[in-house]
S.K.: 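My questions will all concern the structure given below.
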Amino acid sequence: MRMSELFLRTLRDDPADADVDSHRLLVRAGYIRKVAAGMYSWLPLGHRVLRKVGQIVREEMDRAGAQEVLLPITQPLELWQRSGRDALYGPMMFRLEDRKETGFCLAPTAEEVMATLVGGEYSSYRDLPVNLYQIQWKYRDELRPRFGLLRGREFLMKDAYSFDTDMDGLRASYKKMYDAYYRVFERCSLTFRPVEAQSGEIGGDVNHEFMAVAAVGEDDFVWCTACDYAANVEAARRGHTWKHDEVPAVTDGSLTAPSVASLRPHADAPAMAKHHTPDMPGIAPVAAFFEVDASRTLKCIAFDIDGELGLALVPGDREVNEHALRAAVAPKPMRLLTDEDFAARRDLPKGYIGPHFPGASVVIADPAVAEPIGWITGANEADHHVRDAVLGRDFTVVVWADLVSIVSGDACPNCGQPLSVDRGIEVGHVFQLGTKYAESLDVNYTDANGEQHPMVMGCYGIGISRIVAAVVEEFHDENGMMWPVALAPYDVHLIALAGRGDQAEKVTSEADRLYEALTDRGMDVLYDDREASPGVKFADADLLGMPVQLVVGAKGLARGIVERKVRATGERDEVSLGDV
RNA sequence: CGGGGAGUGGCGCAGCUCGGUAGCGCACCGGCUUUGGGAGCCGGUGGUCGGGGGUUCAAAUCCCCCCUCCCCGACCA
């Protein structure tokens with residue numbers, strides 16, 4: 001493609017409404033243009049990337065045995081009323097009416113239409129399994145569209161739907177999709193991890209999110225840089241790396257007897273001593289007062305467990321993972337005490353509670369609390385803390401459970417290497433739906449005995465347009481984008497520095513020749529044949545981000561070479577004209 | 001939804017406090033010069049200042065209503 005003919009206008013200034021790098025660069029480089037909040041036009045360069053991502057997804061879906069179809073964007077509201085998701089999505093759906101005032105929506109997803117389609121064609125166990133997918137625009141009227149392509153109201157999504165006769169079949173279909181997703185994100189060069197996730201509005205049981213590591217992600221997740229371990233922050237657990245032989249067995253949630261017998265009090269700890277600490281209800285000032293690290297203080301979080309008072313203990317530099325606490329005391333209901341609770345209970349000195357609080361019926365602690373030190377903690381009396389509170393002597397623990405929220409550097413439960421807590425962009429999500437939709441939409445099959453059963457469904461989504469942004473987030477620098485070869489709009493950016501000197505004609509004809517030769521060789525070449533200054537061409541080439549730049553100039557031609565620069569690494573070398 | 005900020009040629013901004021009929025940079029068009037990291041000079045095109053209403057001789061500017069867009073968003077004792 002000759003740039004003199006390409007529909008492209010790059011911007012020198014960052015667009016005022018773009019904050020994140022991918023949005024900023026995609027707009028500046030003329031890949032996309034905003035039409036409305038969360039809605040973008042794809043210009044030629046951007047469209048080529050979008051198509052390449054789509055093609056990779058298509059290849060992997062086909063390879064996994066799924067078949068491509070194309071459903072309408074506009075769907076009858078009646079289907080959504082039947083599945084019960086009309087109310088669930090509520091204002092999230094773009095709604096419209098036809099001239100007869102029949103309700104429609106712009107598809108936020110397509111379980112209903114797809115299930116209805118399959119149910120209408122197939123009715124026998126002999127027909128199953130089947131897996132259909134489409135690459136189609138989806139519409140969600142987000143409360144707050146943001147970050148450009150990362151959370152748009154219109155986005156391109158690959159959605160696949162599997163139909164099986166039973167759960168075993170579903171699990172097999174699920175596994176195929178899961179593996180295909182792995183390959184898709186690998187081919188897109190993303191740093192990603194599959195994470196077991198909570199199921200949201202879509203329902204169903206098992207599901208995994210594929211998270212691309214990125215600072216601008218909207219969800220925190222924990223992942224191991226050394227192995228495949230990954231989890232969302234609520235579900236994440238750490239490996240037990242503390243070195244003390246006193247560490248008790250972790251009971252994993254059930255309320256069991258304390259195993260403190262094996263615990264040894266801190267050998268040198270003097271008796272617990274009370275100190276006057278006025279106006280220090282938080283960890284930081286207390287640690288400063290006693291001149292210790294916050295990890296030497298003991299944080300006591302009060303919670304209500306089935307009407308009784310519980311205390312959760314973690315080191316002062318850690319935070320309690322509320323989900324982990326809830327899981328540890330399940331099935332009993334648990335909630336953290338609120339300011340109102342503290343206001344209502346005068347006996348609870350907020351900020352000065354210690355693990356030996358007499359009214360606590362359950363004391364649950366993170367294994368880190370087993371470290372044999374004298375803790376600094378609340379004195380159960382306003383404006384007072386104690387030091388040298390020793391486990392087994394001054395307080396006891398009823399339940400041991402992993403309670404702390406994971407932070408970067410904690411040990412991986414699989415391999416012991418450091419975990420990393422990062423933000424992630426959800427680029428894919430796979431669900432085992434079960435029979436939920438088949439039942440509400442009456443999508444059944446007949447088994448070998450002539451009996452009717454609902455089909456067992458799975459659904460699988462990939463954010464195609466979101467991947468484009470996620471890849472830019474991972475692959476860019478201050479000058480622009482750096483496309484992986486698999487997704488770059490063009491393989492090579494050929495730059496002709498013709499100027500108007502004596503050599504102009506020679507440079508132009510040589511660049512033309514190279515353009516033809518490379519194109520004939522099957523390469524996609526973006527050829528900067530514009531009458532622009534060298535600076536403009538170099539800056540645009542870096543901004544647009546093709547993997548390789550080839551520079552044809554009078555200087556090089558005199559020596560029979562063109563210069564080559566690898567965009568991502570900045571490496572430069574020379575290529576002899578005879579070789580091209 | 002709550003809080004904060006912003007709408008002025010295609011893009012980025014100034015002008016608004018103190019009303020007087022719109023300006024700068026980039027981009028675009030023409031000319032001359034220039035050509036290895038966003039060139040220089042000269043001359044141009046393009047905006048009913050988000051929309052509606054009001055005040056006034058006069059409104060981008062003051063007042064009222066509406067729309068759009070951007071950013072942030074409970075709690076760790």
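Chain A is the first sequence line, chain B the second, and so forth, proteins listed ahead of strands; every chain is numbered from 1.
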S.K.: Holding to ring pair (Phe, Tyr, Trp, His ring centres under 6.0 Å), I want the full list of residues that pass it with A/Y139, two or more places apart in sequence or in another chain.
M.R.: none
S.K.: Do we see a donor-acceptor contact under 3.5 Å between the side chains of A/H476 and A/D21?
M.R.: yes
S.K.: Quick one: is A/R12 getting a side-chain N or O under 4.0 Å of the B/rA27 phosphate, OP1 or OP2?
M.R.: yes
S.K.: Could you please name the partner base of B/rG25, counting Watson-Crick and G-U wobble pairs only when both distances are under 3.5 Å?
M.R.: B/rC11
S.K.: Using a heavy-atom cut-off of 4.0 Å across all strands, would you classify A/R24 as base, sugar-phosphate, or nothing?
M.R.: nothing
S.K.: In whole Å, what separates the P atom of B/rG7 from that of B/rC13?
M.R.: 9 Å
S.K.: Tell me if the aromatic rings of A/Y89 and A/W80 count as close, with their centers under 6.0 Å from one another.
M.R.: yes
S.K.: Do A/H276 and A/H384 make the cut of ring centroids closer than 6.0 angstrom?
M.R.: yes
S.K.: Starting at atom CD of A/Q549, determine the distance to atom P of B/rG36, rounded to an integer number of angstrom.
M.R.: 17 Å
S.K.: Is any N or O donor-acceptor pair between the side chain of A/R28 and the base of B/rG38 shorter than 3.5 Å?
M.R.: yes
S.K.: Do A/Y515 and A/D529 pair up side chain to side chain, a donor and an acceptor below 3.5 Å, judged on atom types alone?
M.R.: no
S.K.: My understanding is that a pair needs two contacts under 3.5 Å, Watson-Crick or G-U wobble. By that rule, which nucleotide pairs with B/rC32?
M.R.: B/rG40
S.K.: When the distance from CG of A/L497 to C1' of B/rU35 is rounded to whole Å, what number comes out?
M.R.: 9 Å
S.K.: When the distance from CD of A/E478 to C1' of B/rG38 is rounded to whole Å, what number comes out?
M.R.: 15 Å
S.K.: Roughly how far apart, to the nearest Å, are B/rC41 and B/rA59 at atom C1'?
M.R.: 39 Å
S.K.: If the P atom of B/rG9 is compared with that of B/rU48, how far apart are they to the nearest Å?
M.R.: 9 Å
S.K.: Nearest whole angstrom, please: distance from the C1' of B/rG10 to the CG of A/L43.
M.R.: 13 Å
S.K.: Under the side chain to side chain donor-acceptor pair (under 3.5 Å) definition, can you give me all pairs with a residue in residues 307-316 of chain A, not counting sequence neighbours?
M.R.: A/E308-A/S361
S.K.: Using the C1' atoms only, state how far B/rA39 lies from B/rC26, rounded to an integer number of Å.
M.R.: 14 Å
S.K.: Over how many whole Å does the gap from A/D528 atom CG to B/rG37 atom P extend?
M.R.: 15 Å
S.K.: Answer with base, sugar-phosphate or nothing: what part of the nucleic acid does A/G378 contact at a heavy-atom distance below 4.0 Å?
M.R.: nothing
S.K.: If B/rA60 has a Watson-Crick or G-U wobble mate with both distances under 3.5 Å, name it; if not, just say none.
M.R.: none
S.K.: Rounded to the nearest Å, what distance is computed from the CZ atom of residue A/R530 to the P atom of nucleotide B/rA39?
M.R.: 12 Å
S.K.: Test for a donor-acceptor pair under 3.5 Å between the base of B/rG12 and the side chain of A/D14, counting only N and O atoms.
M.R.: no
S.K.: Suppose you measure atom P in B/rG50 against the same atom in B/rG44; what distance do you get, rounded to whole Å?
M.R.: 28 Å
S.K.: Is any side-chain nitrogen or oxygen of A/S533 closer than 4.0 Å to OP1 or OP2 of B/rA39?
M.R.: yes
S.K.: Would you mind pulling out the nucleotide paired to B/rG2, Watson-Crick or G-U wobble, both distances under 3.5 Å?
M.R.: B/rC72
S.K.: Write down the distance separating the C1' atoms in B/rG23 and B/rG15, rounded off to the nearest Å.
M.R.: 7 Å
S.K.: Sort out for me which residue in A/R530, A/R9, A/R12 forms a salt bridge (charged side-chain N to carboxylate O under 4.0 Å, His left out) with A/D540.
M.R.: A/R530
S.K.: Say you pick atom C1' in B/rG30 and the same atom in B/rU8; how far apart are they, in whole Å?
M.R.: 28 Å
S.K.: So what does A/G535 touch, heavy atoms closer than 4.0 Å: a base, only the sugar-phosphate, or nothing?
M.R.: sugar-phosphate
S.K.: Flag yes if more than 12 heavy atoms outside A/E291 fall under 6.0 Å of its CD atom; otherwise flag no.
M.R.: no
S.K.: Would you kindly give the CG-to-P distance between A/L11 and B/rC13, to the nearest whole Å?
M.R.: 12 Å
S.K.: Send over the distance from A/K506 NZ to B/rU35 P, rounded to a whole Å.
M.R.: 18 Å
S.K.: Would you mind building the protein contact string for nucleotides 70-77 of chain B? One character per nucleotide, 5' to 3', B for base within reach (heavy atoms under 4.0 Å), S for sugar-phosphate only, - for untouched.
M.R.: SSB---BB
S.K.: Tell me yes or no: between the side chains of A/Q549 and A/D542, is some donor less than 3.5 Å from an acceptor?
M.R.: yes
S.K.: Work out how far the P atom of B/rU34 is from that of B/rG51, and round it to whole angstrom.
M.R.: 47 Å
